[in-house]
Amino acid sequence: MQEAYELAGQPFNLGSPKQIGEIFFTKLGLPIVKKTPSGAPSTDEEVLEKLAEDFPLPAKLLMHRSLSKLKGTYTDKLGQLANPRSGRVHTHYAQAVAVTGRLSSNDPNLQNIPIRTAEGRRVREAFVAPPGHVIASADYSQIELRIMAHISGDESLLRAFTEGIDVHRATAAEVFGTPVDKVSSEQRRYAKVINFGLIYGMSSFGLAKNLGIETKAAASYIDRYFARYPGVKRYMDETRASAKEQGYVETVFGRRLYLPEINSPNGPRRGGAERAAINAPMQGTAADLIKLSMVAVQDVLDTEGRATKMIMQVHDELVFEVPEAEVEWVRTAVPRIMAEVADLKVPLLAEIGFGPNWDKAH
DNA sequence: AGGTTAAGCGCG
DNA sequence: AAAGCGCGCTTAACCT
């Protein structure tokens, strides 16, 4: 998109990294917050949010970035990609691209349709059901944390899921030493970031940056977490160790990810491999489970001669086009099949919603 | 004209 | 030295 703007009488283009750099860091004298891997001053979202505290231009650029992303990637593009015969967009799923065993989606990618902002959700609303049908979305609840509980065998984490407690709330109670029903919304928010961070092998440095706190404070949260969930600590240590010994890690169902850099003398590379080793069993087992679900659900649809169609997969979510007459059947059958697809040490939970479009189905 | 890389950002 | 896993798509800039 060519959008000409003007600053001090000179035209410039908001889409040009070179021009942004020249304007921000040379002409206006804004501080360089961080650099990209190649050494250029970064202008990513995190940097711009910080610069916006002291200067007016970065906020405008952020607005332009988000809107042009939506327009250029989705609004302008999806309509062009509709098949003239079916009037629909038909994605391609790749089964052997993602190293963890996930599917990937391309041309168009339907696994990154916006949902996190109100403007973005308007794109999602364009995915509509035909007359007489509704869209159903069935997704696994906290699937990766449940898998972490299963693999690690950690008693407290297993108990939280078995008793059906909100897992972020449970974590907050443990880490902050508060009764479960006294957890504040900020404590829960912190616990949620900690839980997600653990799945990705995040360090105290990363946690600190994410929460906007001191690295030492973040380190003490992590220490408290591991004190309360010693099984998770053991999982992290043993997974790293066995990855170094064997050169690979495995999902619960035995699919392997080889990690050739796990013993590299190069620190950053080795660190990357260690984080992948922590994450892959969880992300990969989740991928195994939803693949089993896809097969199991389709098998029942076929056997029973149902008219419901499975139309998309988004990692922990299956999307269906459902004739109105089959809604009540789908509402009970699909989450049950998804929950019963494997017998782990924790119950699996799948939730389902219905609506006239993909957004409203959530 | 066409391909590749860097940077950034959409999702789970 | 880097610091959070896995993807695909877009634009600008650079290269052949």
Side-chain angles (χ1 to χ4, degrees), chain A residues 1-3 13-21 34-48 61-62 64-78 81 91-94 97-117 119-121 123-124 137 139-144 148 193-211 215 218-219 249 257 259 264-284 286-287 290 312-318 358:
Chain A
M1 259 169 294
Q2 303 275 339
E3 314 262 354
N13 187 337
L14 273 181
S16 161
K18 207 177 162 187
Q19 289 188 8
I20 302 285
K34 70 172 173 184
K35 293 188 174 180
T36 68
S38 74
S42 171
T43 70
D44 71 13
E45 196 173 335
E46 183 194 336
V47 167
L48 262 32
L61 180 51
L62 281 169
H64 180 273
R65 286 253 182 98
S66 61
L67 293 175
S68 60
K69 179 84 174 184
L70 292 177
K71 183 173 187 291
T73 307
Y74 305 103
T75 314
D76 288 348
K77 284 283 153 56
L78 285 172
L81 291 169
T91 189
H92 300 256
Y93 288 109
V97 168
V99 295
T100 53
R102 278 185 172 182
L103 302 184
S104 75
S105 161
N106 61 76
D107 297 306
N109 182 356
L110 297 185
Q111 291 178 325
N112 72 343
I113 300 300
I115 193 169
R116 294 174 188 173
T117 67
E119 297 75 29
R121 280 198 294 275
V123 172
R124 192 166 280 243
S137 165
D139 68 289
Y140 278 115
S141 168
Q142 306 295 354
I143 186 73
E144 291 182 355
M148 186 161 84
V193 173
I194 293 170
N195 278 332
F196 273 104
L198 284 165
I199 291 171
Y200 300 144
M202 194 163 65
S203 67
S204 57
F205 178 90
L207 181 63
K209 207 163 64 168
N210 219 293
L211 291 174
T215 305
V249 292
L257 172 64
L259 297 157
S264 169
N266 180 312
R269 286 177 181 270
R270 188 179 61 247
E274 287 177 3
R275 293 189 295 277
I278 299 290
N279 174 261
M282 293 179 273
Q283 186 181 131
I290 198 153
M312 284 188 280
Q313 187 256 45
V314 191
H315 309 309
D316 66 353
E317 170 189 12
L318 298 177
W358 193 7

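Every heavy atom of this structure was used, including side-chain atoms; hydrogens, water molecules and symmetry mates were not. Reminder, nothing fancy here: chain letters follow the sequence lines and each chain counts from 1.
First and last contacts of DNA chain B with chain A, using any nucleotide atom under 4.0 Å from a protein heavy atom and ordered 5' to 3', fall at B:dA6 to B:dG12.
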DNA chain C in dot-bracket, Watson-Crick or G-U pairs under 3.5 Å, [ ] crossing, | other strand?
-> ....||||||||||||
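A:Y93 places a side-chain N or O within 3.5 Å of a backbone atom of A:Q313 that can act as its donor or acceptor partner. Listed for the A:N109 side chain is a donor-acceptor partner under 3.5 Å among the backbone atoms of A:Q111. With hydrogens and angles disregarded, a donor-acceptor distance shorter than 3.5 Å links the side chain of A:D44 to the backbone of A:V47. With A:R102 contributing its side chain and A:H315 its backbone, the two residues share no donor-acceptor pair below 3.5 Å. A:T73 places no side-chain N or O within donor-acceptor distance of the main-chain N or O of A:L70, the cut-off being under 3.5 Å. Listed for the A:R269 side chain is no donor-acceptor partner under 3.5 Å among the backbone atoms of A:S264.
Within 4.0 Å of A:E45, counting heavy atoms only, lie sugar-phosphate atoms of the nucleic acid but no base atom. A:L70 comes within 4.0 angstrom of nothing in the nucleic acid, heavy atoms only. As judged by a 4.0 angstrom heavy-atom cut-off over every strand, A:R116 is placed among the base-contacting residues. When heavy atoms are screened at a 4.0 angstrom cut-off, A:S204 is found touching no nucleic acid atom at all. If you check every strand for non-hydrogen atoms under 4.0 Å, A:G271 touches nothing. Across all strands, A:P114 comes closer than 4.0 Å only to sugar-phosphate atoms, never to a base (heavy-atom distances).
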Distance-only donor-acceptor pairs under 3.5 Å for side chains of residues 272-282 of chain A, two or more places apart:
residue: A:E274; atom: OE2; partner: A:K244; partner atom: NZ; Å: 2.7
residue: A:R275; atom: NH1; partner: A:G271; partner atom: O; Å: 3.4
residue: A:N279; atom: OD1; partner: A:Q283; partner atom: NE2; Å: 3.1
residue: A:N279; atom: ND2; partner: A:I199; partner atom: O; Å: 3.2

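Side-chain atoms of A:L198 and A:M202, non-hydrogen and from C-beta on, never get closer than 4.5 Å to each other.
Nucleotides C:dA3 and B:dT5 are separated by 24 Å at their C1' atoms, to the nearest Å. For the P atoms, the distance linking C:dA1 with B:dC9 amounts to 27 Å, nearest Å.
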Short N/O separations, protein against nucleotides 6-10 of chain C, under 3.5 angstrom:
residue: C:dG6; atom: O4'; partner: A:Q283; partner atom: OE1; Å: 3.3
residue: C:dG6; atom: O4'; partner: A:Q283; partner atom: NE2; Å: 3.2
residue: C:dG6; atom: N3; partner: A:R102; partner atom: NH1; Å: 3.3
residue: C:dC7; atom: OP1; partner: A:V99; partner atom: N; Å: 3.0
residue: C:dG8; atom: OP1; partner: A:S104; partner atom: OG; Å: 2.8
residue: C:dG8; atom: O4'; partner: A:N109; partner atom: ND2; Å: 3.0
residue: C:dC9; atom: OP1; partner: A:D107; partner atom: N; Å: 2.8
residue: C:dT10; atom: OP1; partner: A:K77; partner atom: NZ; Å: 3.4

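Distance A:K18 NZ to C:dA13 P: 7 Å, rounded to the nearest Å.
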Are A:S105 and A:T91 close enough, and set up right, to give a side chain to side chain donor-acceptor pair (under 3.5 Å), and what steps lead you there?
-> CA-CA 6 Å; A:S105 161; A:T91 189; 2.7 Å; yes
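Partners of A:V97 by side chain to side chain contact (heavy atoms under 4.5 Å, CB included), not counting sequence neighbours, listed by chain and number: A:A94, A:S104. Residues meeting the salt bridge (Lys or Arg N to Asp or Glu O under 4.0 Å) test with A:E46, sequence neighbours left out: A:K34.
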